Amino acid sequence: MANDNNNNPFKSIEEKFKERQRQQQKKRMKADSPEVSVTPKAPIDMKKYAKLAIFLTALFAVVVILIANVYVVKQDEYRVVRQFGEIMRIDKEPGIKMKIPFIQNVTTLPKSQMTYNVSEEEINTRDKKRIIIDNYAVWRITDPGKMIANARNIVNATMRMEEFIYSVVRTELGQLDYVDVVNDENSSRGSLNDRVTERVNEYLNEGNFGIEVVDVRMKRIDLPEENEQSIYTRMISERQSTAQKYLSEGDADKRRIEAETDREVQEMLAKAKKEAALIHAEGESEAAKIYNDAFSKDAEFYNLYRTLQSYSKTIGDDTMIIIPADSPYAKVLSGYMQ
């Protein structure tokens, strides 16, 4: 076997191959575990960084506190600054303001006009009709200090305003009939809204509530359900009575006009007949005068003419005349003329 290994021609090649594998293995081992040289670091100064951190934290806290206590007053609002519940100042002009941290707080009140819907209330009119009134009011805050001192907040201020509106509306409508209330064009109602607004503002000024009512208007007027039908029936009856009254007045006017017209016609006819009679009499007088003038010239011809006229009126187709044969008339009829 020894001779075989010594005589093996590939032995040297195998040894070189194995040697190369061992070298490659060593290179891989060196690459996987390289030698690292570690340089020792200097110790960190913790006090220096701690001071810097404290400084930055304090600066950030100051900035946050300043930002938190800066506020902006807008054009349409009041800003009320309180200290321990007491009003220190009221900012009315727009701009950037600042309050004292931790001991002062800021609240906002609107400066613009606001709308408040007044609760529906039942009211009796002068003619004892019950109606339900639904109003709304346009109002604004004029003095925030007085409003806070006497009403505390907006809710209480609007409640007081609603009480005054109801009281004034009840008084004003209690002096009007139902028809005058529902008829906006009726003169007896007049400027009801203006009177209510003026009277409510007088009450608010007396109480120093710091608010003003700009306008009070009626949105709706209803009847209570329990007497709505009876009111409608009564209104229909009243309208029918009014219509009958107008018809009666119209008939009376018609008869009066007809009587006046008939009287005027009779007067005109009598006057015309009188004038006609005068004209006829004048004509007859003139005709008689002409006849007299004409017939006076020949009396016999006149007698003949009158006789012939009498014949034409007295003798008809069935007329029988008996006259003596020797009478002049018989001679004329027989054609005997002498």
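Values below: every heavy atom of this structure, side chains too, minus hydrogens, waters and symmetry copies. Predicted, not measured: the structure shown is a model, and the values here were computed from it.
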Original post:
Passes side-chain contact (heavy atoms from CB on, under 4.5 Å), Y136 versus D215? Steps please.
Top reply: CA-CA 8 Å; Y136 74 91; D215 195 10; 5.6 Å; no
Could you tell me whether [X] atom [atom1] has more than 12 heavy atoms of other residues or ligands within 6.0 Å of it?
X: E260; atom1: CD; result: yes
X: M159; atom1: CE; result: no
X: I96; atom1: CD1; result: no

Checking the side chain of [X] only, and the main-chain atoms of [Y] only, is there a donor and an acceptor separated by less than 3.5 Å?
X: N156; Y: R152; value: no
X: T242; Y: E238; value: yes
X: T197; Y: V216; value: yes
X: N193; Y: R217; value: no
X: S167; Y: E163; value: no
X: E77; Y: K74; value: yes
X: Y246; Y: S241; value: no

Between [X] and [Y], is there a shared hydrophobic cluster once you connect ILVMFWY residues whose side-chain heavy atoms come closer than 4.5 Å?
X: V72; Y: V70; answer: yes
X: I148; Y: V81; answer: no
X: I211; Y: V138; answer: no
X: I154; Y: I87; answer: yes

Taking all non-hydrogen atoms of both residues, which atom of [X] and which atom of [Y] are closest, and how far apart?
X: N69; Y: P101; result: OD1-CA, 3.0 Å
X: I90; Y: P144; result: CD1-CB, 3.9 Å
X: Q75; Y: P94; result: OE1-CG, 3.3 Å
X: Y166; Y: E122; result: OH-O, 3.8 Å
X: T142; Y: Y78; result: O-OH, 4.1 Å

Original post:
Are R195 and E172 ion-paired here, with the side-chain N under 4.0 Å from a carboxylate O?
Top reply: yes
Original post:
Can we say E267 and R263 salt-bridge, meaning some charged N sits less than 4.0 Å from an Asp/Glu carboxylate O?
Top reply: yes
Could you tell me whether the side chain of [Y] reaches within less than 4.5 Å of the side chain of [X], counting heavy atoms only?
X: E86; Y: R82; value: no
X: N201; Y: E212; value: yes
X: L176; Y: R126; value: no
X: I133; Y: I123; value: yes
X: E284; Y: H280; value: yes
X: Q244; Y: Q240; value: no

**OP:** Go through F209 and R160 one step at a time and tell me if the side-chain contact (heavy atoms from CB on, under 4.5 Å) criterion holds.
**Re:** CA-CA 9 Å; F209 288 103; R160 296 296 295 167; 3.6 Å; yes
Value rounded to 0.5 Å, distance of [atom1] in [X] from [atom2] in [Y]:
X: L204; Y: M147; atom1: CG; atom2: CE; result: 12.5 Å
X: R170; Y: N124; atom1: CZ; atom2: CG; result: 10.0 Å
X: I165; Y: M161; atom1: CD1; atom2: CE; result: 5.0 Å

Enumerate donor-acceptor pairs with a distance under 3.5 Å from any side-chain N or O in residues 103-120 to protein atoms, sequence neighbours excluded.
| residue | atom | partner | partner atom | Å |
| --- | --- | --- | --- | --- |
| Q104 | OE1 | I100 | N | 2.9 |
| Q104 | NE2 | Q83 | OE1 | 2.9 |
| T108 | OG1 | R79 | NE | 3.1 |
| K111 | NZ | K92 | O | 2.7 |
| Y116 | OH | E162 | OE1 | 2.6 |
| N117 | OD1 | K219 | NZ | 3.4 |
| S119 | OG | E162 | OE2 | 2.8 |
| E120 | OE2 | R220 | NH2 | 2.1 |

Original post:
Checking R199 against Y203: charged group under 6.0 Å from the ring centre and within 45 degrees of the axis?
Top reply: yes
**OP:** Indicate whether the side chain of D91 and that of Y71 have a donor and an acceptor atom separated by less than 3.5 Å.
**Re:** yes
**OP:** Evaluate salt bridge (charged side-chain N to carboxylate O under 4.0 Å, His left out) for R256 paired with D253, printing each intermediate quantity in order.
**Re:** CA-CA 5 Å; R256 178 179 55 80; D253 291 340; 3.7 Å; yes
**OP:** Evaluate the criterion side-chain contact (heavy atoms from CB on, under 4.5 Å) for residue pair F55 and F60; output intermediate values, then yes/no.
**Re:** CA-CA 9 Å; F55 174 75; F60 179 76; over 6 Å; no
Original post:
Can you list the steps and then say if V213 with V200 is a side-chain contact (heavy atoms from CB on, under 4.5 Å)?
Top reply: CA-CA 7 Å; V213 175; V200 170; 3.7 Å; yes
